[in-house]
Amino acid sequence: MKFAIDILLGAALLLSPAAAQTGGNAISTTTISLGTATPGGGFPLYGNAFAEVMNAADGSLTIAPRNTKGSNENIPLLEKGELDLALVAGEPAYEAFAGIGRSPVRLKILTAIYSNPGMFVVRADSPYKTIRDLVGQAVAFGAKGSGLPILARYVLDGLGLKQDDDFKAIYLDRAGDGPAMVEDGRVAALWGAGIGWPGFAAVASSASGARFIAPDAEEITRIRAKHAFLKPLTVPAGSYPKQSEPIASLGSWSFVLTREDLPDDVAYRLARTLHGVEATFCKKLAQACETTAANTAAAAPRPELIHPGVMKYYREIGVVK
């Protein structure tokens, strides 16, 4: 769905885009669709906050979030032009750009969202303390179509494990269903990623409390030896209720991707607006503190994957040369 140009003139008189070109008092509003994921997960939380902050900062922009099945649906929707922007987890983005299992995509990066250290959460009173302890147990690996199961697949593969063979793997229809399944014992663990991820926060805030299970140092080395694109990442202490110590893990960066033909001037406006509200966005949502121009330039797998309109703005502010 190409972004819509709605023209308001005088007393709510709707004109065509062509008429607006010549209307001296016309005000152009660009409506941009944003694909997120299933309710209860981190992407809808982030996407809604992103839209609120951006829309408040630029009255000529209307970013409209839309729930989808997640990263694996967002990528083809962008390719078909049915979304203008979409949130995509690091692993699906990596596979799409590299052409793993498909032809390489020609989508572009608008911004890095946040880093995604992957780990499991279990009830605090459970007997499970390591990844090996979870072998043979029922584990919720995230919502169908989201990037979380893909991250888990890479992490476990690096340890010589297969999530569908070595675990009783469960894939959720809604990301928000996972915490209750941990609490009532339907699953031994919930896989997730990130800082302030809603599923982890819900388990950690429950009556039973939470324990987090991440790869240890030796396991991180083994995983990275096989999948070097995964980066060592840390969940700072206090990211979740009663989490008193930092947690070392690994993962990648998620992105807001754009359809290939999003006009350069629109991408430039989005990048400029987003850079201007970095501090505001951080205050609104803890996860958004990592959404910066500098992090985007550093996190992009290759500079040419960043949208040309965004790169133009980054050169102007000195983030890239």
Side-chain angles (χ1 to χ4, degrees), residues 40-42 45 89 91 114-143 146-164 166-172 174-224 230-252 254 286-287 290:
L45 180 70
E91 290 69 38
Y114 45 64
S115 58
N116 281 294
M119 54 189 185
F120 296 94
V121 66
V122 300
R123 286 171 50 131
D125 60 359
S126 80
Y128 313 110
K129 292 183 170 61
T130 69
I131 293 175
R132 290 284 173 182
D133 290 342
L134 293 171
V135 170
Q137 302 301 316
V139 175
F141 281 106
S146 79
L148 287 174
I150 299 176
L151 172 58
R153 187 182 73 222
Y154 279 109
V155 168
L156 295 173
D157 181 69
L159 300 176
L161 298 170
K162 297 185 181 300
Q163 64 193 50
D164 291 322
D166 294 307
F167 304 84
K168 297 173 184 175
I170 295 172
Y171 302 98
L172 306 171
R174 290 166 45 95
D177 294 340
M181 298 175 72
V182 174
E183 178 70 6
D184 65 21
R186 281 176 286 167
V187 297
L190 171 66
W191 170 262
I195 298 166
W197 188 61
F200 287 162
V203 177
S205 301
S206 70
S208 301
R211 180 190 305 122
F212 293 99
I213 299 174
D216 62 27
E218 184 271 335
E219 289 173 329
I220 288 174
T221 299
R222 288 175 57 196
I223 294 164
R224 295 204 67 232
L230 295 175
K231 306 300 182 186
L233 299 169
T234 300
V235 180
S239 296
Y240 297 101
K242 300 180 181 179
Q243 180 216 337
S244 59
E245 299 293 332
I247 302 169
S249 187
L250 74 177
S252 60
S254 294
Q287 297 94 313
E290 293 186 294

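For reference, positions follow the sequence shown, starting with 1. Since the structure is predicted, the reported quantities are computational estimates derived from the model, not experimental observations.
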Ser252 side-chain N/O to Leu230 backbone N/O, donor-acceptor pair under 3.5 Å: no

Closest non-hydrogen atom pair, Leu151 against Ala193: CD2-CB, 3.9 Å

Where Ser146 and Gly142 come nearest, the two heavy atoms and their spacing: OG-C, 4.4 Å

Min side-chain heavy-atom separation Lys162-Leu156 under 4.5 Å: no

Pairs flagged by side chain to side chain donor-acceptor pair (under 3.5 Å) wherever residues 230-244 is involved - sequence neighbours left out: none

Residues that Arg132 engages under salt bridge (charged side-chain N to carboxylate O under 4.0 Å, His left out), provided they are two or more places apart: none

Flag side-chain contact, heavy atom, 4.5 Å: Leu134 against Val122: yes

Step-by-step side-chain contact (heavy atoms from CB on, under 4.5 Å) determination, Val203 to Glu183: CA-CA 7 Å; Val203 177; Glu183 178 70 6; 5.8 Å; no

Which atom of Pro198 lies closest to which atom of Leu45, heavy atoms considered: CG-CD2, 3.8 Å

Audit row: Leu148, Trp197, side-chain contact (heavy atoms from CB on, under 4.5 Å) steps and yes/no: CA-CA 12 Å; Leu148 287 174; Trp197 188 61; 3.5 Å; yes

Heavy-atom check, side chain of Phe200 versus side chain of Met119, under 4.5 Å: yes

Modelled atom types, side-chain donor and acceptor of Tyr154 and Glu91, under 3.5 Å: no

Leu190 and Val182, any side-chain heavy atoms less than 4.5 Å apart: yes

Gln287 side chain vs Gly196 backbone, donor-acceptor pair below 3.5 Å: yes

Flag side-chain contact, heavy atom, 4.5 Å: Ile220 against Asp216: no

Non-hydrogen side-chain atoms of Gln137 and Lys168 separated by less than 4.5 Å: no

Donor-acceptor under 3.5 Å (Asp133 side chain, Thr130 main chain): yes

Approximate separation, where rounding is to 0.5 Å, of Ser249 OG and Ile223 CD1: 7.5 Å

Lys129 vs Ile213, side-chain contact (heavy atoms from CB on, under 4.5 Å): CA-CA, chis, key distance, verdict: CA-CA 6 Å; Lys129 292 183 170 61; Ile213 299 174; 5.6 Å; no

Where at least one partner belongs to residues 114-124, residue pairs that pass side chain to side chain donor-acceptor pair (under 3.5 Å), sequence neighbours excluded: Ser115-Glu290, Asn116-Ser254, Arg123-Asp125, Arg123-Ser208

Close side-chain approach of Tyr171 and Asp164, heavy atoms under 4.5 Å: yes

Audit row: Trp191, Val121, side-chain contact (heavy atoms from CB on, under 4.5 Å) steps and yes/no: CA-CA 6 Å; Trp191 170 262; Val121 66; over 6 Å; no

Taking every non-hydrogen atom, the tightest pair across Gly40 and Ala175: C-CB, 4.1 Å

Heavy-atom side-chain proximity of Pro236 to Pro246 below 4.5 angstrom: no

Value rounded to 0.5 Å, distance of CG in Asp184 from CE in Met181: 7.5 Å

Minimum heavy-atom distance between Ala210 and Ala204, given as atom pair plus value: CB-CA, 3.6 Å

Pair Phe212 and Phe120, ring centroids less than 6.0 Å apart: no

Over 12 foreign heavy atoms within 6.0 Å of CD, Glu245: no

Arg211 side chain to Tyr128 backbone, donor-acceptor under 3.5 Å: yes

